[in-house]
Amino acid sequence: MDEYQLDYFKDNGFERKQCPKCCKNFWTRDTETQFCGDPPCVSYSFIGAPVFKKEYDISSMREAYLSFFEKHGHTRVDRYPVIARWRDDIYLTIASIADFQPFVTSGLVPPPANPLTISQPCIRLDDLDAVGRSGRHLSTFEMMAHHCFNKRGEEIYWKDRTVELCDSLLKSLGLDLNAVTYKEAPWAGGGNAGPSVEVMVGGLELATLVFMDLKQTKGGSITIKGESYEKMDNYIVDTGYGLERFVWASKGSPTIYDAVFPKIVNELMDLAGIEHAIDDPEYANFFSQNARMAGVMDISGQANLLQLRKKVADSIGTTVEKLQRIMAPVESVYSITDHTRCLAFMLGDGIIPSNVKAGYLARLVLRRTLRLMKELDIREPLIEIIEMQIRNFPEYPEFKERLDTIREIVGLEEEKYADTIERGTKLVRKTAQHFKEKKEKMPLGEIIQLYDTHGIPPEITREVSKEAGIDIELPDTFYSLVAQKHSKAQVEEEETKNLDLPQTRRLYYESPEQTEFEAIVLDVIEKNIVLDKTIFYPEGGGQPADHGTLSVNDYVVNVVDVQSLNGVIMHETDSDFGFKKGDTVKGNIDRDRRIAHMRHHTATHIVNEAAKSVLGKHIWQTGAQKSVDRARLDLTHFKRITEDEFKEIELRANRSVMNNEPVHIDWMDRIEAEKQYGFVLYQGGVPPGKDIRILRVGNDVEACGGTHVSNTGFIGPIKLLKTERIQDGVERIEFSAGEAAIKRLQERDDLLNKASEALRVSPEQLPDTVNRFFEEWKDFKKENERLKAELAQERVKAMMGDAIDINGLRVLAKKIPHADVEELIKAASEFSKNENVVAILASDKNGVKIVVAAGAGAQKLGVNAGAIVREMSKLVGGGGGGKPMIAQGGGTDPSKIVEALEKGVEMVREKVGS
RNA sequence: GGGCCUGUAGAUCAGGGGUAGAUCGUUGCGUUCGCAACGCAAAGGCCGCGGGUUCGAAUCCCGCCGGGUCCA
């Protein structure tokens, strides 16, 4: 491939070589260099031998990088949040280029500056197992980058300049340029691809320079890894320089953790009571060997970890056990250091822990950290360590602002985790006991079930089971087995048809009050009609489509749905009457429906703002739906909304209505709007396009494509109906606005009135009266029970004489009119307290009820109450059963009661003879 | 978004179509100068809510509400 034949390489004496180990091509200045520079072909050589002329910490390295690129014509851009709110395809920001996807990279929206430089905090949780152990893995890192967005014919710079900049940056840091190799590594990901080079120094990949110029296209002419691609009109320089790796390389310490967070590592070592001897040569040797070896292997998974331990132990002449004893706690400290930094970013940027979506990832990291802390017996509250991290980031003052909320969240999460573990431990103990008694091993399925359903990590299951006296085995592949359980077929992505039609002019934006219009039919696709312009609002942003009519002359059809396909609005009708291209149609929308939607939509913004002001800045809309008579709004919140908060939100929302605030709508450039208002704009999702519609009501500013009232007073009353917790960390508020709110209030009054009328009291007295009734009802129930028992005793006394004698058994067969089952049971069991008796009782309440009870002596003779009831019940058209001592049954045919009683007696006679 | 588990006495939980249970706690009595401990006894349940199936539902089915948990 000539993709990599750069003039820059040629002019600067580079040579292209092929690595004899991995057979990949690379470029170097140094004629001596043999290998590509990438582990496992080479191992780390920078440990103990820093590659730059001085040491940098995070801040100074970041500053050195950004100012270098500023000096070379780039504009510095502020970092984006670690939660990717401007995207709906990923939860976390995983790379600097993610900030500019999809609209900048696609060319739809111009970049905030071009070329630009940024240091973007990123979170990747894929290799969580390796963090702390490999010496180099981090869950959270800053990707320093410079990006350049080129258009065909308007190129700013491309490959040569990019490599040149990289060279000069490294040189400015004092690197001997002979030490760099540029390894060819074609890149593909996220629907894009292109050539790329990895910048290798001392065995460490310091940066990747990606030249993104291909996009995945069906039938594209270029094939990579089985996918077809074609050239893009926009081609992008996408670089990624690992800030932490640069710091590490500048220090040459045994691990990246010691290089990046020396202070926090030390404090945690103290808290864990570990002698931190990284300055001790023997100790340092352990870790540098470990890092070197780990650098050349993939260590995810237990089996691989053991393999690594063995290699390291062999190379320094010690045992695996000793190595494990020394390394494991320190590795845990490293993990905690990394994880708490991750949490500082996640919580600092407003992720609320939850059991779904990004919130789940935050909880995952949080619980993992708590587990590690427990293993090390660190008693310090987690929040203290997170605060330590936050103090360590003076460059992110926004974290300090949120500290109170973060403190509360972490406290709650710690409690929740403790609860889960306590519940879990009990459950494991019980399960273990169960299998111990059965003298069986605990099946793997059970252990998976404990984790999957109850969140108990397998390690805890093992530990607790051991205490309970049974040993269990855990396969290395435990977590992949869990994953398997959840794996399912991928959903086919819907193919969007491309209509070859112009975008429909949206009259509903131009004159939102209008309810009638004329337009020309551009196309008819089955029952769908496309017009040149429309006032019909297509479903979107949680607002349902308008309904109404379209007519030509006297012919009228109903519009039942309206959808927008890439800006072309389709009016679905309930008739296939032949509208023709070029017809002029008259359209009318259902005005009441539209107005109800508008009221609910604007009200949603107001309630959102009110909730934010009452509950806090962490409140974020995760979904919303409007209809004619109600709306719902889903918000991120870490605990239940209390009654008082609920009322306060309602009050503030209505104040906003009573203030009759104007609603401002402006079309703004996306980048401009983001700069001015921040990502809070994207409450209702991310709209496509260069220009976005900005809606301002009071303090609320959102990107919104819905139809809105022009002044809040038009909304009328807003009645909050209820809150619901739809997921952990997500609260749903339901409310009605305008006429619908009045109707809701009237309905509630009706309910109240009906309830108070039923009890003949005024609504004010209702609570007290209901309480009294309930208490009295309970008393009567008890009284009733007692009386039934008494009655049963009396009946038994009275009926004794009616019993007939069958071979020494006294058998009582009798119909007790109107008695319910409970009475029969009480009487029968009272009677059968005597040894040699059988009670066969029936009543005609609600069909037929039958109860048979046999005394102990009768049972010995073979009398079975259950069997008798079964036979008797058949006769009366039902069924029954029970125990030999007492059984119940019944049927629907009271006329057969006498017959059934005779049958019962006969069955006793059969057993004991006459 | 997709699963799985779960709701029974004040608390922790058993039962899992046929008379609602255990332990702790509570109250009373006994023993004691008194307490603890012990013994005896009692009170305490719309078996989350609403439907359905059934002669009969805490139990089975459906829906709702609440709690927990895993995955993407």
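For clarity, every value in this text was computed on a predicted model and none was experimentally measured. Chain A is the first sequence line, chain B the second, and so forth, proteins listed ahead of strands; every chain is numbered from 1.
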Side-chain donor/acceptor contact of A:N355 with base of B:rU69 under 3.5 Å: yes
Length of the line joining A:L361:CG and B:rA72:C1', which is rounded to integer Å: 10 Å
Heavy-atom pair of closest approach, residues A:A854 and A:A865: N-CB, 4.5 Å
Polar side chain donor-acceptor pair, A:R630 to A:S736, under 3.5 angstrom: no
Nucleotide of B:rC5, B:rC70, B:rA72 approaching A:T453 most closely (side-chain heavy atoms): B:rC5
Over 12 foreign heavy atoms within 6.0 Å of NZ, A:K826: yes
Given B:rU12, B:rG67, B:rC70, the nucleotide with the shortest approach to the side chain of A:R725: B:rG67
B:rG63 to B:rG10 separation - C1' atoms, rounded to the nearest Å: 31 Å
Touch class at under 4.0 angstrom, heavy-atom based, for A:Y417 against every strand present: nothing
Sugar-phosphate only, base, or nothing, as touched by A:G882 at under 4.0 Å among non-hydrogen atoms: base
Counter-base of B:rG1, judged by Watson-Crick or G-U geometry with both distances under 3.5 Å: B:rC71
Toward the 5' end of RNA chain B, by each residue's nearest nucleotide, A:Y451 or A:R640: A:R640
For B:rA57, the Watson-Crick or wobble counterpart (both distances under 3.5 Å): none
Sugar-phosphate, base or nothing in reach of A:F774, heavy atoms under 4.0 Å: base
Nucleotide paired to B:rU31 in any strand shown, Watson-Crick or G-U, under 3.5 Å: none
Pairing nucleotide - B:rA42, Watson-Crick or G-U, each distance under 3.5 Å: B:rU26
Reference residue A:E731; test side-chain contact (heavy atoms from CB on, under 4.5 Å); the match among A:L615, A:T723, A:T622: A:T723
G-U wobble or Watson-Crick pairing nucleotide for B:rC64 (cut-off 3.5 Å, both distances): B:rG48
Sugar-phosphate only, base, or nothing, as touched by A:E822 at under 4.0 Å among non-hydrogen atoms: nothing
Pairwise C1' distance for B:rU54 and B:rC13, with rounding to whole Å: 30 Å
Sugar-phosphate, base or nothing in reach of A:K883, heavy atoms under 4.0 Å: sugar-phosphate
Touch class at under 4.0 angstrom, heavy-atom based, for A:K782 against every strand present: sugar-phosphate
Salt bridge A:D844-A:K849, side-chain N to carboxylate O under 4.0 Å: no
Sugar-phosphate, base or nothing in reach of A:R870, heavy atoms under 4.0 Å: nothing
Sugar-phosphate, base or nothing in reach of A:G879, heavy atoms under 4.0 Å: base
Between C1' of B:rC55 and CG of A:N846, the distance in whole Å: 10 Å
Sugar-phosphate, base or nothing in reach of A:K430, heavy atoms under 4.0 Å: sugar-phosphate
Any side-chain donor near an acceptor of the partner, A:H339 and A:R368, under 3.5 Å: yes
Sugar-phosphate, base or nothing in reach of A:S829, heavy atoms under 4.0 Å: base
Side-chain N,O (A:K778) to OP1/OP2 (B:rG45) below 4.0 Å: yes
Interatomic distance where NE2 belongs to A:H454 and P belongs to B:rU69 [whole Å]: 10 Å
Side chain of A:R363 (C-beta onward), nearest among B:rC55, B:rU69, B:rU19: B:rU69
Short side-chain N/O contact from A:K416 to OP1 or OP2 of B:rG67, under 4.0 Å: no
Between A:T642 and A:D644, a side-chain donor and acceptor under 3.5 Å: no
Short side-chain N/O contact from A:T420 to OP1 or OP2 of B:rU69, under 4.0 Å: yes
Mate of B:rA14 where both pairing distances stay under 3.5 Å, Watson-Crick or G-U: none
Distance, rounded to the nearest Å, where A:L841 contributes CG and B:rU19 contributes P: 16 Å
N/O (side chain, A:R423) to phosphate O (OP1/OP2, B:rU6) under 4.0 Å: no
5′-ward residue of the pair A:G890/A:A358 relative to RNA chain B: A:G890
Shortest side-chain distance from A:W777, nucleotide among B:rC46, B:rG68, B:rG18: B:rC46
